[in-house]
Amino acid sequence: MRSSKALVFFMLLIFTITPTFTLAQFEVVENNNIYLTGTVEMELNVTLVNLGDTPKYIMVNPRYQFEVIRENRTEFLYHNSTGATIIGNPTKTLLNYRPGFWIYPHEVLKVRFFINEIDKIPIPLYDYYQPYCTGYAYIEGDKLRINVPVGFYTVPICDVLYPQLLNRPIYLYPEALFNVKDFSVVMHGYKGIVKFKIVHNSTLGLPIRDVFAVAPPILFPNARIYGYFPSPTMSYSEYLDYVKGFWKLNIPKILLPTKNLTDEIVLYGLTDDLLTSKFEIPRVKNVKQINVEYPIWIIWLGDNSTFEITYKFEWGINKG
């Protein structure tokens, strides 16, 4: 009798252990030439529908952590600070050694995908451009040094410094988020939040400030985008007008907005159909300029300081 109880306990132990897997090192966050780094954290809540009569296993990119929103919430993939990946309920979240989850016939299923502080995504920031005659300050060991340009310049004043735009948005389309070839599994909607973090860190803690401009790192065409915090300084078209004052440029009229930027914008349009893999990604043959508009923040940031921008997005077949 004792041996049978021991066997039951051993079997239960096998199926309740949550395995961990070593994850390769996340991307290195590199600073630009004024010691700024940019990273993104994101949460994406997706609603899926299985229109078919058979269960389907959905494979997942493990760069995203995920939770399947069912009663017991035992189906998940997490990353921890040591670089390990933790799989919950592997009998349901691993198939052919591929992480993912099941969606059952005629089921409406919600899944939370997220990238947080542990596995944040680096957003490359452009180097700050300056005329050659200015030279620049840089860190060498524990000292601040000034690079002096080689050659003779007849004037002591180079130019006026202005806040340059250090990034441009990456556009994520729903069909890129939902790469499923099975026509019976469709995406009913998604919503989430983006956190964009910019850090100024020279490692010396000097009383030095950077001034620069940034745009949202990720935008979702077809989605409602709202809740920008803090409020943007200006729109992209206003920024172009601002830059014209420094460079005396003629900005093409095609880039000017048709309406004022508000706290809530919708990029492009989408028909109110279920988004499935039947959606064919259009091939661009004749490239034409389109209206471009998004918020811009102008930021003053001291050394060892952080600036965070957050905003929300939402798309659905009845909201698109």
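The model shown is predicted, which means the values in this text are computed figures rather than measured ones.
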Open item on the list: Using side-chain contact (heavy atoms from CB on, under 4.5 Å), reason through Tyr226 and Glu314 one step at a time and then give a plain yes or no.
Closed with: CA-CA 9 Å; Tyr226 63 101; Glu314 183 176 16; 4.1 Å; yes
Open item on the list: Applying side-chain contact (heavy atoms from CB on, under 4.5 Å) to Val108 and His188, what does each step give before you reach the verdict?
Closed with: CA-CA 9 Å; Val108 177; His188 188 271; 6.0 Å; no
TODO: Begin from the C-alpha positions of Tyr228 and Trp297 and carry the test ring-ring contact (aromatic ring centres under 6.0 Å, His included) through to its verdict.
DONE: CA-CA 11 Å; Tyr228 288 108; Trp297 288 262; 5.7 Å; yes
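The heavy-atom pair separating Ile103 from Arg70 by the smallest distance is CA-NH2, 4.1 Å. Closest heavy-atom contact between Ile87 and Pro99: CD1-CB, 4.5 Å. Residues Tyr294 and Pro169 share a closest heavy-atom pair of CZ-CD, 3.6 Å. In plain terms, the two heavy atoms of Gly38 and Leu125 that are nearest each other are N-CD1, 3.8 Å. Considering all non-hydrogen atoms of both residues, Gly100 and Val60 come closest at CA-CG2, 3.8 Å. In terms of heavy-atom proximity, Pro62 sits nearest to His79 at O-NE2, 2.8 Å.
Distance alone, capped at 3.5 Å, is enough to place a donor-acceptor pair between the Arg98 side chain and the Asn96 backbone. A donor-acceptor contact shorter than 3.5 Å is absent between the side chain of Glu293 and the backbone of Ser235. Here the side chain of Asn50 pairs no donor or acceptor atom with the backbone of His106 at under 3.5 angstrom. The backbone N or O of Gly88 sits nowhere less than 3.5 Å from a side-chain atom of Glu75 that would complete a donor-acceptor pair.
The side-chain hydrogen bond (donor to acceptor under 3.5 Å, both in side chains) test with Asn116 is passed by exactly one of Lys195, Glu43, Gln65: Gln65.
Ile193 and Ile123 are assigned to two separate hydrophobic clusters, defined by single-linkage of ILVMFWY side chains at heavy-atom distances under 4.5 Å. Met187 and Tyr171 fall within a single hydrophobic cluster, where Ile, Leu, Val, Met, Phe, Trp and Tyr are joined by side-chain heavy atoms under 4.5 Å apart, directly or via other members. Clustering ILVMFWY residues whenever any of their side-chain heavy atoms sit less than 4.5 angstrom apart, transitively, puts Tyr190 in a cluster other than the one holding Ile69. Val29 and Ile115 fall into different hydrophobic clusters, where Ile, Leu, Val, Met, Phe, Trp and Tyr residues are linked whenever their side-chain heavy atoms come under 4.5 Å apart, directly or through other members. Hydrophobic clustering (ILVMFWY, side-chain heavy atoms < 4.5 Å, transitive): Tyr126 and Val243 are in distinct clusters.
Trp102 belongs to a hydrophobic cluster with Tyr57, Met59, Leu95, Tyr104, counting contacts under 4.5 Å between side-chain heavy atoms of Ile, Leu, Val, Met, Phe, Trp and Tyr, direct or through other members.
Ile121 is listed as a side-chain neighbour of Arg63, based on a closest heavy-atom distance under 4.5 Å. Here the side chains of Val194 and Thr310 are not in contact, with every heavy-atom distance at 4.5 Å or above. Contact annotation: the side chain of Tyr129 approaches that of Gln164 to within less than 4.5 Å [non-hydrogen atoms, C-beta and beyond]. Between Tyr311 and Pro295 there is no side-chain heavy-atom pair separated by less than 4.5 Å. Under the 4.5 Å side-chain criterion, counting only non-hydrogen atoms from C-beta, Tyr64 is in contact with Met42.
Using cut-offs of 30° and 60° on the angle between ring planes, the pair Tyr236 and Tyr239 is parallel.
Salt-bridge check for Lys110 with Glu67: failed, with every basic side-chain N at 4.0 Å or more from each acidic carboxylate O. Salt-bridge annotation for Lys120 and Glu41: absent, with no side-chain N of the basic residue lying under 4.0 Å from a carboxylate O of the acidic one.
In this structure, CG in Asp127 is found 10.0 Å from CG in Leu36, a value given to the nearest 0.5 Å. The CZ atom of Phe114 sits 9.5 Å away from atom CZ of Phe66, with the distance rounded to the nearest 0.5 Å. If you take CG on Leu166 and CZ on Arg168, they are separated by 10.0 Å, rounding to the nearest 0.5 Å. Put simply, CZ on Arg224 and CG on Asn222 are 15.0 Å apart, with the number rounded to the nearest 0.5 Å. The distance from the CZ atom of Phe313 to the CG atom of Asn45 is 8.0 Å, given to the nearest 0.5 Å. The line from OG1 of Thr93 to CD1 of Ile86 is 12.0 Å long, rounded to the nearest 0.5 Å.
Around atom CD1 of Ile146, more than 12 heavy atoms belonging to other residues, nucleotides or ligands sit under 6.0 Å away. The neighbour count for Lys56 NZ, taken as heavy atoms of other residues, nucleotides or ligands under 6.0 Å away, is above 12.
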Please report, to 0.1 Å, the donor-acceptor pairs under 3.5 Å made by any side chain of residues 197-221, with sequence neighbours excluded.
| unit_1 | atom_1 | unit_2 | atom_2 | d |
| --- | --- | --- | --- | --- |
| Lys197 | NZ | Glu117 | OE1 | 3.1 |
| His200 | ND1 | Leu301 | O | 3.0 |
| His200 | ND1 | Gly302 | O | 3.1 |
| His200 | ND1 | Asp303 | N | 3.3 |
| His200 | NE2 | Asp210 | OD2 | 3.4 |
| Asn201 | OD1 | Thr203 | N | 2.9 |
| Ser202 | OG | Leu204 | N | 3.2 |
| Ser202 | OG | Asp303 | OD1 | 3.4 |
| Ser202 | OG | Asp303 | OD2 | 2.4 |

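Counted by atom type alone, Glu30 and Thr37 present zero donor-acceptor pairs between their side chains at under 3.5 Å.
Separation of the Tyr78 and Phe76 ring centroids falls under the 6.0 Å cut-off.
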